[in-house]
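For clarity, every value in this text was computed on a predicted model and none was experimentally measured.
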Amino acid sequence: MKKSSEFISAFSDLNDQIVAAIADGSFSRVITLDKARQDMMQDLVLLAADEVDDKLFDFIELCTRQNTQMIEDLELEVEKLTFRNNRFTKAVNAYHN
C-alpha cells in the first residue's frame, strides 16, 4: 500500500464484499474477507507519515461506525432467529409428548 487513497479504495472494496457476503449468508467468506481487512489495517502502520492524512483517519472512523452498526444488526437478527428456533423446538417437543 503506497498511498492512503489506494488504501481507502482497497479497504472500501473489501467492506463492500463483506456486506455482500453477509447478505448472501456466506459467513465463511465473511471471515476470510475480514482477515484480509485486518491485514490491511496492519499494513497501514507501514505507510509513511506523509502518506497518511486526515481523510484516511476520517474514513477509518466512518468504517468503524458502519461496522459497529452492522454487528449490532447481525446480533439482533441472530437473537430473533434463536428465539424463533427455540419456540419452534418447544412446539415440536410438545407435539411429540
Side-chain angles (χ1 to χ4, degrees):
M1 213 63 50
K2 293 185 179 181
K3 298 192 182 287
S4 61
S5 60
E6 293 174 7
F7 178 89
I8 289 171
S9 177
F11 202 82
S12 292
D13 184 51
L14 274 176
N15 281 340
D16 293 344
Q17 290 180 51
I18 289 171
V19 169
I22 289 170
D24 291 342
S26 179
F27 297 108
S28 61
R29 180 150 170 76
V30 171
I31 292 168
T32 301
L33 292 167
D34 187 56
K35 174 67 174 114
R37 190 171 58 175
Q38 290 175 28
D39 291 344
M40 284 186 69
M41 290 299 290
Q42 290 176 350
D43 291 344
L44 178 63
V45 299
L46 301 176
L47 287 175
D50 62 340
E51 295 174 354
V52 177
D53 55 20
D54 288 341
K55 181 180 176 184
L56 177 60
F57 288 111
D58 291 343
F59 169 77
I60 291 172
E61 186 176 317
L62 174 65
C63 287
T64 301
R65 283 194 305 270
Q66 290 172 336
N67 288 339
T68 300
Q69 185 61 53
M70 188 170 35
I71 290 167
E72 289 172 358
D73 292 347
L74 281 172
E75 286 175 343
L76 182 60
E77 284 301 313
V78 167
E79 188 177 311
K80 288 177 184 176
L81 288 171
T82 300
F83 176 76
R84 276 190 256 155
N85 185 49
N86 287 342
R87 191 171 56 184
F88 177 76
T89 300
K90 287 178 184 178
V92 168
N93 287 339
Y95 178 76
H96 288 294
N97 290 330

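One finds the CG atom of Asp34 at 13.0 Å from the CZ atom of Phe27 (value rounded to the nearest 0.5 Å). The structure places CG of Leu44 at 4.5 Å from CZ of Phe7, a figure rounded to the nearest 0.5 Å.
Of all heavy-atom pairs spanning Met40 and Phe11, the tightest one is CE-N, 3.5 Å. Contact record, Ala36 with Leu14: C-CD1, 3.9 Å, taken as the closest heavy-atom pair. Residues Asp39 and Lys35 come closest through the heavy atom pair OD1-NZ, 2.7 Å.
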| query | Going through the distances and angles, do Tyr95 and Lys90 end up as a side chain to side chain contact (heavy atoms under 4.5 Å, CB included)? | reply | CA-CA 9 Å; Tyr95 178 76; Lys90 287 178 184 178; over 6 Å; no
| request: Check step by step if salt bridge (charged side-chain N to carboxylate O under 4.0 Å, His left out) holds for Lys55 and Asp58. | output: CA-CA 5 Å; Lys55 181 180 176 184; Asp58 291 343; over 6 Å; no
| request: Take Ile18 and Asn67 through the test side chain to side chain contact (heavy atoms under 4.5 Å, CB included) and record every step on the way to the result. | output: CA-CA 10 Å; Ile18 289 171; Asn67 288 339; over 6 Å; no
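Side-chain atoms of Ile8 and Ile60, non-hydrogen and from C-beta on, never get closer than 4.5 Å to each other. Within the 4.5 Å cutoff, the side chain of Gln66 has no heavy atoms near those of the Val19 side chain. Between Phe57 and Ser4 there is no side-chain heavy-atom pair separated by less than 4.5 Å. Side-chain contact check for Leu33 versus Asn15: every heavy-atom pair is 4.5 Å or farther apart.
No side-chain donor-acceptor contact under 3.5 Å links Ser26 to the backbone of Ile22.
Residue Asn93 places its CG atom among more than 12 non-hydrogen atoms of other residues, nucleotides or ligands, all under 6.0 Å distant.
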Taking distance alone, no hydrogens or angles, what donor-acceptor pairs closer than 3.5 Å link side-chain atoms of residues 70-88 to residues at least two apart or in another chain?
from, atom 1, to, atom 2, distance (Å)
Asp73, OD1, Gln69, NE2, 2.8
Thr82, OG1, Val78, O, 2.8
Asn86, ND2, Thr82, O, 3.4

